[in-house]
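We count ligands from 1, going down the list as the structure has it; atoms in each ligand are counted the same way. Index from 1, following the sequence.
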Amino acid sequence: MAEVPWVDSLEEVYGDGTTSGIPTEYEQRFQNLIKSFQQQFGKRPDFVSRSPGRVNIIGEHVDYSLYNVLPTAVINDVLIATQVLEGEDGHMTIANVNSSKYPTEDTTISGKVVVDKENHRWSNYFLAGVSGSLESLRRKHGENFVPKGMKVLIDGNVPAGGGLSSSAAFVCASALAIMAANGHNVSKQDLLDECIVSERSVGVYSGGMDQAASIFSQRGYLLYCRFWPEFAAEHVPVPKSNPEFAILVAQSFVTSDKAVTAPKHYNLRVVEVTLASVALAKLFDLTLNPDKSSLGFSLRNFQEEILKREGKLQQPQEEQVDAVIEMIRSKLDKDAYTREDIASILEISVENLEKEYMSKFPVQADAFKLRQRALHVLEEARRVLSFRETLSQSDSLDQDKLLRLGELMNTTQESCANVYECSCPEIDDICSITRKAGAYGSRLTGAGWGGCVVVLLPTDKVEAVVEALKKEYYSKQFPDMSQEKLKEAIVISKPGQGSSVIHGK
Ligand code: NG1
Ligand code: MG
């Protein structure tokens, strides 16, 4: 059974490193899961796999262009209590603690797992986890390998479509459960690769940040992720500060389900930045080798090749990024490009353009804003470098540095709203309310078009900011909202622990 090298205790997962123990609700939720499992399946689970949601502090919509990001896991997670069935290979019973909303499903895995994207069922994300893991298990055990049968009971408390990446938490916890059930000693890096592939099977050109944060995060640290030339994660301690600061996450309750809206939003942006990369390469008479991004060509790849040719690879990262910003400004001079415009730059037919860049996942658009999207990515990459630099300048942050970090976050929001066009009026509203009430900075976190806002603020302003949000946002938008829902709306977030297997006790 479970061979994964990262088995955590409940304390390691939910404690905060002090003696204050585990939040009662989390202790209870875990015990209830074990109890319900026993009631439903007549036996204790063999183990529980777990993977958390994440909040991205800075670096929005740059992971799929292979630039660095700075997220961290949150405490909210997906738990999968699992029983391994001997002699019933391939048979999966998939149940949820919330059975009225997510009824139990039975399925048998034999050949390739195809996730039916058209028919969006709650268990698709579990099957997505199965599909990625299975590919890797079959590479090891042969084409005909069938995974062990499993009974699983799932309990997730990451708000769905709320910007904290419930989907990555679900897919990563599922993939981990399959690996553990089949006795596979998976590394975090391999699990990450599988989960990125998995999430693409749901129909999204996923970047990789969410799965990385869900899998690799460590309690008390932010996770600095590099995607170029290979994925690498660095654990950045959260610095002490004077004044003390807090990170708050506020839900807009505008949900944007990426699996549904991707052709006009998320996947379209992936296509736009890919087209910007290949158009720039062509305009600079440069040949790019395919890279690991969804469509094979990223802006980071373009940066590397063009600066190699110009002999500038020794320059600091900041200067390299600035140089590319100038190139974008000088060469991509149209406000919007049609399919014909882009085909003519690339010297291919419109038909081939569509086949190569718009067929795997269809996109719905006639105009492609190559300059604006590329500028957002490079300028955001530049802000991530500044943010990281400010964090590491000294052991402790003072007021000036906190203001600087806040300003970087605010500039990200402006760029997301006006240049990348991935915000929405409700998110803009929350950002301005929190800033007026004393936050250093606030911005959308995750894909946007809804979801939530991450706020950096002095600890002594938390109360004022929460009050302002209740009064100026929640009670205006949702006058009938229950107290319970309101409790879910705002959380003070502490960097949490990444995926692990918890043995049933
Ligand atoms: P959400 O939609 O919040 O899970 C998405 C992508 C990330 C990243 C952000 C934008 C997936 C699973 N997640 O996050 O990789 O690109 O948008 O920075 O596709
Ligand atoms: Mg998601």
Side-chain angles (χ1 to χ4, degrees), residues 51-74 76 78 124-125 128-129 132 156 158-175 192 194-216 223 225 227 231 249 251-252 254-263 265-274 292-295 298-300 361 373 376-377 380-381 383-384 409 412-413 415-416 419-424 427 443-454:
S51 218
R54 63 97 189 91
V55 54
N56 187 20
I57 308 297
I58 197 155
E60 218 59 86
H61 285 279
V62 297
D63 60 343
Y64 50 85
S65 292
L66 307 186
Y67 283 97
N68 310 346
V69 296
L70 190 68
T72 178
V74 293
N76 307 57
V78 171
N124 273 4
Y125 282 107
V158 190
L164 295 179
S165 211
S166 56
S167 60
F170 201 162
V171 169
C172 295
S174 306
L192 173 63
E194 284 161 23
C195 291
I196 296 176
V197 172
S198 294
E199 193 141 344
R200 286 183 189 156
S201 74
V202 190
V204 179
Y205 281 133
S206 175
M209 161 173 73
D210 302 348
Q211 299 85 345
S214 187
I215 294 170
F216 280 86
L223 192 78
C225 303
F227 294 98
F231 175 77
V249 179
Q251 293 290 333
S252 68
V254 175
T255 51
S256 161
D257 182 350
K258 242 184 317 94
V260 179
T261 61
H265 291 158
Y266 192 85
N267 285 346
L268 173 59
R269 292 293 177 274
V270 178
V271 168
E272 285 177 308
V273 292
T274 306
K292 285 190 160 176
S293 61
S294 303
L295 285 161
S298 65
L299 285 162
R300 183 66 185 80
F361 299 142
R373 308 310 185 218
H376 165 82
V377 172
E380 181 70 355
R383 284 187 285 274
V384 173
M409 292 170 72
T412 294
Q413 175 59 24
S415 181
C416 282
V419 186
Y420 216 67
E421 298 178 276
C422 61
S423 188
C424 65
I427 292 278
R443 57 174 214 83
L444 66 85
T445 183
W449 295 286
C452 56
V453 169
V454 54

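- Atoms of ligand 1 lying under 4.0 Å from any heavy atom of D63, numbered from 1 in the order shown and given with element: 7 (C), 8 (C), 15 (O), 16 (O).
- Using a 4.0 Å cut-off between heavy atoms, Y64 contacts ligand 1 through its side chain alone, with no backbone atom that close.
- Separating the CD atom in Q211 from the CZ atom in F231 is a distance of 10.0 Å, to the nearest 0.5 Å.
- For ligand 1, the atoms closer than 4.0 angstrom to any heavy atom of G208 are 15 (O).
- Ring centroid separation for the pair Y64 and Y266 comes in under the 6.0 Å cut-off.
- Of all heavy-atom pairs spanning P263 and L268, the tightest one is O-CB, 3.6 Å.
- One finds the OG atom of S298 at 7.5 Å from the OH atom of Y67 (value rounded to the nearest 0.5 Å).
- For the pair H61 and ligand 1, the shortest N or O to N or O distance falls below 3.5 Å.
- Listed by number with element, the atoms of ligand 1 under 4.0 Å from a non-hydrogen atom of G207 are 15 (O).
- Atoms of ligand 1 lying under 4.0 Å from at least one heavy atom of S206, given by number and element, are 11 (C), 12 (C), 19 (O).
- Side-chain N or O atoms of S198 include one that pairs as donor or acceptor with a backbone N or O of A128 at under 3.5 Å.
- A side-chain donor-acceptor contact under 3.5 Å links D63 to the backbone of M209.
- Close contacts of ligand 1 with E60, meaning ligand atoms under 4.0 Å from a residue heavy atom, involve 10 (C), 18 (O).
- With a 4.0 Å heavy-atom cut-off, ligand 1 is reached by the side chain of R54 but not by its N, CA, C or O.
- For the side-chain hydrogen bond (donor to acceptor under 3.5 Å, both in side chains) with T412, the qualifying choice from R443, R383, E60 is R383, the only one to do so.
- S415 and E380 are not linked by any side-chain donor-acceptor pair at a separation below 3.5 angstrom, with hydrogens and angles left out of the test.
- An N or O contact shorter than 3.5 Å links A447 to ligand 1 by distance.
- In the vicinity of M209, heavy-atom distances shorter than 4.0 Å reach the ligand 1 atoms 8 (C), 9 (C), 15 (O), 18 (O).
- Residue contacts with ligand 1 include Y266, since one of its heavy atoms falls under 4.0 Å from the ligand.
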